[in-house]
Visitor: 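This is the structure I have questions about; it appears just below.
Side-chain atoms are counted along with the backbone in the values below, which use heavy atoms only and exclude waters and symmetry mates.
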Amino acid sequence: MANIEDILLPDALRDDLDIRPISGWFDEWVDGIKEEKNKISLKFPMFDHEMRGKLRGKLCVIIHYGGTKKSLLAQNIAHYNIFHNKHKVIYSSMEMGVVELGSRFINILVDWENTHRQASDILEERQKTDPKFVRSILDDSISPGYGDNLQITQNSGLTCDEYNILLDRVEGTDILIVDGLSMMGGKGTELELANMHTRGLKELAKDRNILVLCIVHASRGGDKFQRDVSKFARGSEKIIDNCDFYICPSLIVDEMESYRKDIGYLRLMNKRGSGNEVNLIYSFSPKRLLMEQSCFEPRDFDQQMKSKDTKF
């Protein structure tokens with residue numbers, strides 16, 4: 001049986017159809033290139049230089065294996081835009097519990113001086129002996145720090161229709177983060193759902209004029225140090241086809257064949273724009289969970305991997 005969306009409805013029932021001559025779209029075009037309309041950032045200067053702030057209406061897939069800091073990358077981008085651009089972010093946490101997610105956003109925000117411990121660990125310890133102190137930190141520092149610009153939902157199995165409802169409730173949203181694609185709802189095979197959801201998220205980005213970041217797991221076949229795992233997108237190749245650009249966060253191997261914890265590798269593929277590939281090395285603060293662009297040359301680490309006869 002054909003899907004309802006595949007059935008051609010009479011014109012009277014298709015109020016959503018919008019067709020105009022090119023001149024009829026000039027107001028939207030001018031509005032879209034205004035600087036104040038395009039100040040969504042990917043945090044890293046090299047990425048922002050490539051994308052030129054033109055992120056509204058776009059779907060970005062963040063894809064790799066577990067432990068490569070996919071969610072942390074999205075959380076760093078969210079934090080940066082909230083504090084530097086005053087943007088409003090909806091974070092849909094379908095895989096990570098709100099306690100862990102809350103701890104991450106607390107650590108990104110709070111730098112407890114004279115200690116190497118994370119702020120969330122200190123607050124968890126103080127909760128046992130001084131809950132009033134913990135509540136005062138949450139109410140007087142954390143809450144006003146993020147304000148209403150960080151909206152979190154932990155409902156699982158959400159669909160694009162339900163994200164539309166949430167976007168209606170949270171007016172003025174600039175960024176929607178879906179963590180992650182495999183946890184979205186609906187009926188169908190994994191392939192059908194991946195196609196449907198990424199297509200729907202792309203339409204959502206266009207219709208709402210927002211940036212959508214969607215976290216995707218890679219299927220077996222690659223490694224955590226592999227620079228580009230787009231061909232291993234779990235569920236469907238259409239995931240990459242449907243997005244405007246994607247980012248692969250990968251790990252860096254040290255001389256002892258262990259993964260380095262102080263730096264990592266990011267690759268952005270601007271597939272629907274310039275077609276450029278942008279690589280950078282980020283520094284990582286375990287205490288604050290902050291990722292910052294470093295001065296290291298990615299090609300130096302690529303050569304290192306080649307010398308090990310490793311695919312990357």
Side-chain angles (χ1 to χ4, degrees), residues 41-44 62 64-158 166 170 173-183 213-217 224 247 249 251 259-264 266 282-292:
S41 170
L42 292 176
K43 181 173 184 177
F44 304 95
I62 300 175
H64 221 291
Y65 295 103
T68 54
K69 299 183 174 62
K70 298 186 301 297
S71 295
L72 268 178
L73 174 59
Q75 291 151 15
N76 270 259
I77 292 172
H79 177 269
Y80 186 90
N81 279 282
I82 290 170
F83 281 86
H84 289 267
N85 296 328
K86 309 301 180 185
H87 284 331
K88 187 169 291 186
V89 178
I90 292 179
Y91 197 105
S92 174
S93 181
M94 292 185 286
E95 296 188 355
M96 184 181 301
V98 71
V99 173
E100 182 180 356
L101 182 64
S103 294
R104 287 191 174 187
F105 277 114
I106 288 172
N107 293 329
I108 290 173
L109 176 66
V110 178
D111 185 7
W112 221 290
E113 296 181 355
N114 303 319
T115 180
H116 295 294
R117 298 177 63 194
Q118 293 179 332
S120 62
D121 288 342
I122 295 174
L123 291 175
E124 183 177 346
E125 184 178 275
R126 290 291 294 270
Q127 175 67 21
K128 301 173 184 177
T129 59
D130 193 354
K132 289 184 177 179
F133 170 79
V134 175
R135 175 54 64 176
S136 69
I137 295 295
L138 296 176
D139 292 341
D140 299 338
S141 298
I142 309 300
S143 180
Y146 287 107
D148 294 331
N149 285 337
L150 177 59
Q151 301 280 333
I152 297 173
T153 174
Q154 64 172 346
N155 294 107
S156 294
L158 296 181
L166 292 177
V170 184
T173 297
D174 300 283
I175 302 173
L176 168 65
I177 299 174
V178 178
D179 188 358
L181 179 67
S182 62
M183 296 294 289
L213 299 176
C214 181
I215 296 171
V216 174
H217 295 294
K224 291 183 180 181
I247 302 174
L251 302 183
Y259 292 128
R260 293 187 60 166
K261 297 181 179 180
D262 58 332
I263 56 175
L266 296 178
Y282 68 85
S283 60
F284 181 67
S285 166
K287 177 184 177 183
R288 295 283 305 282
L289 305 180
L290 288 174
M291 306 164 77
E292 304 286 353

Visitor: Measuring from atom CG of Leu166 to atom CG of Leu158, what distance do you get when rounded to the nearest 0.5 angstrom?
Guide: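 One gets 6.5 Å once the value is rounded to the nearest 0.5 Å.
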Visitor: Could you pull out the closest heavy-atom pair between Tyr80 and Ser41, with the gap in Å?
Guide: CE2-OG, 3.5 Å
Visitor: Report the distance from atom CD1 of Ile152 to atom CG of Leu101, rounding to the nearest 0.5 Å.
Guide: 4.5 Å
Visitor: Please name all residues satisfying side-chain hydrogen bond (donor to acceptor under 3.5 Å, both in side chains) with His79, sequence neighbours left out, ordered by chain then number.
Guide: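 If we apply the side-chain hydrogen bond (donor to acceptor under 3.5 Å, both in side chains) test to His79, skipping adjacent residues, there are no hits.
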Visitor: For Phe284, give me all partners under ring-ring contact (aromatic ring centres under 6.0 Å, His included), at least two apart in sequence or on another chain.
Guide: none
Visitor: Taking the side chain as everything from C-beta on, heavy atoms only, tell me whether Leu213 gets closer than 4.5 Å to Leu176.
Guide: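 A side-chain contact is absent here, since even the closest heavy-atom pair is not under 4.5 Å.
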Visitor: For Ala78 and Ile177, which heavy atoms make the closest approach, and how far apart are they?
Guide: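 Heavy atoms of Ala78 and Ile177 come nearest at CB-CD1, 3.8 Å.
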Visitor: Check step by step if side chain to side chain contact (heavy atoms under 4.5 Å, CB included) holds for Tyr282 and Lys69.
Guide: CA-CA 11 Å; Tyr282 68 85; Lys69 299 183 174 62; 3.3 Å; yes
Visitor: Is the shortest heavy-atom distance from the side chain of Leu73 to the side chain of Lys70 under 4.5 Å?
Guide: no
Visitor: Could you measure the distance from the CD1 atom of Ile108 to the CZ atom of Arg288? Nearest 0.5 Å is fine.
Guide: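 Between Ile108 CD1 and Arg288 CZ, I get 8.5 Å after rounding to 0.5 Å.
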Visitor: Just by modelled atom types, is the His64 backbone N or O under 3.5 Å from a matching donor or acceptor in the Thr68 side chain?
Guide: no
Visitor: Sequence neighbours excluded, which residues qualify as side-chain hydrogen bond (donor to acceptor under 3.5 Å, both in side chains) partners of Arg104?
Guide: Gln75
Visitor: With a 6.0 Å cut-off (strictly less than), is the heavy-atom count around CD of Glu124, excluding the residue itself, greater than 12?
Guide: no
Visitor: Run the side-chain hydrogen bond (donor to acceptor under 3.5 Å, both in side chains) test against Asp179 and tell me which residues pass, sequence neighbours left out.
Guide: Ser71, Tyr91
Visitor: Walk me through whether Ile82 and Ile175 qualify under side chain to side chain contact (heavy atoms under 4.5 Å, CB included).
Guide: CA-CA 10 Å; Ile82 290 170; Ile175 302 173; over 6 Å; no
Visitor: Look only at the side chain of Lys287 and the backbone of Thr115, and say whether a donor-acceptor pair between them is shorter than 3.5 Å.
Guide: yes
Visitor: Taking all non-hydrogen atoms of both residues into account, name the closest pair between Ser120 and Asn107 and its distance.
Guide: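 Result for this residue pair: N-OD1, 2.8 Å.
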Visitor: Looking at Asn81 and Ile77, would you say the former's side chain and the latter's main chain have a donor-acceptor pair under 3.5 Å?
Guide: yes
Visitor: Could you give the distance from CE (Met291) to CG (Leu266), rounded to the nearest 0.5 Å?
Guide: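 Rounded to the nearest 0.5 Å, the CE-CG separation comes out at 5.0 Å.
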Visitor: Taking the side chain as every heavy atom from C-beta outward, state whether His116 and Pro286 have any atom pair closer than 4.5 Å.
Guide: no
Visitor: Applying side-chain hydrogen bond (donor to acceptor under 3.5 Å, both in side chains), can you list everything that pairs with Ser92, at least two apart in sequence or on another chain?
Guide: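 So Ser92 forms a side-chain hydrogen bond (donor to acceptor under 3.5 Å, both in side chains) with Tyr163.
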Visitor: Could you go step by step and tell me if Asp148 and Val170 meet the side chain to side chain contact (heavy atoms under 4.5 Å, CB included) rule?
Guide: CA-CA 9 Å; Asp148 294 331; Val170 184; over 6 Å; no
Visitor: To the nearest 0.5 Å, what is the distance between OG (Ser285) and NZ (Lys261)?
Guide: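 If I round to the nearest 0.5 Å, the distance is 13.5 Å.
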Visitor: Is a donor from one side chain sitting under 3.5 angstrom from an acceptor on the other, for Lys43 and Asn76?
Guide: yes
Visitor: Got a list of side-chain donor-acceptor pairs under 3.5 Å for residues 133-142, not counting sequence neighbours?
Guide:
| from | atom 1 | to | atom 2 | distance (Å) |
| --- | --- | --- | --- | --- |
| Ser136 | OG | Phe133 | O | 2.6 |

Visitor: How many angstroms lie between atom CG of Asp130 and atom CG of Leu123, to the nearest 0.5 angstrom?
Guide: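 Rounded to the nearest 0.5 Å, the CG-CG separation comes out at 10.5 Å.
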Visitor: Output, in order, the C-alpha distance, side-chain angles, deciding distance and verdict of side chain to side chain contact (heavy atoms under 4.5 Å, CB included) for Ser93 and Glu100.
Guide: CA-CA 10 Å; Ser93 181; Glu100 182 180 356; over 6 Å; no
Visitor: Which pair of heavy atoms, one from Met94 and one from Ser156, lies closest together, and at what distance?
Guide: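 That closest heavy-atom pairing would be O-OG, 3.6 Å.
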Visitor: Take Arg117 and Asp121, measure what salt bridge (charged side-chain N to carboxylate O under 4.0 Å, His left out) needs, and give me the verdict at the end.
Guide: CA-CA 7 Å; Arg117 298 177 63 194; Asp121 288 342; 5.4 Å; no
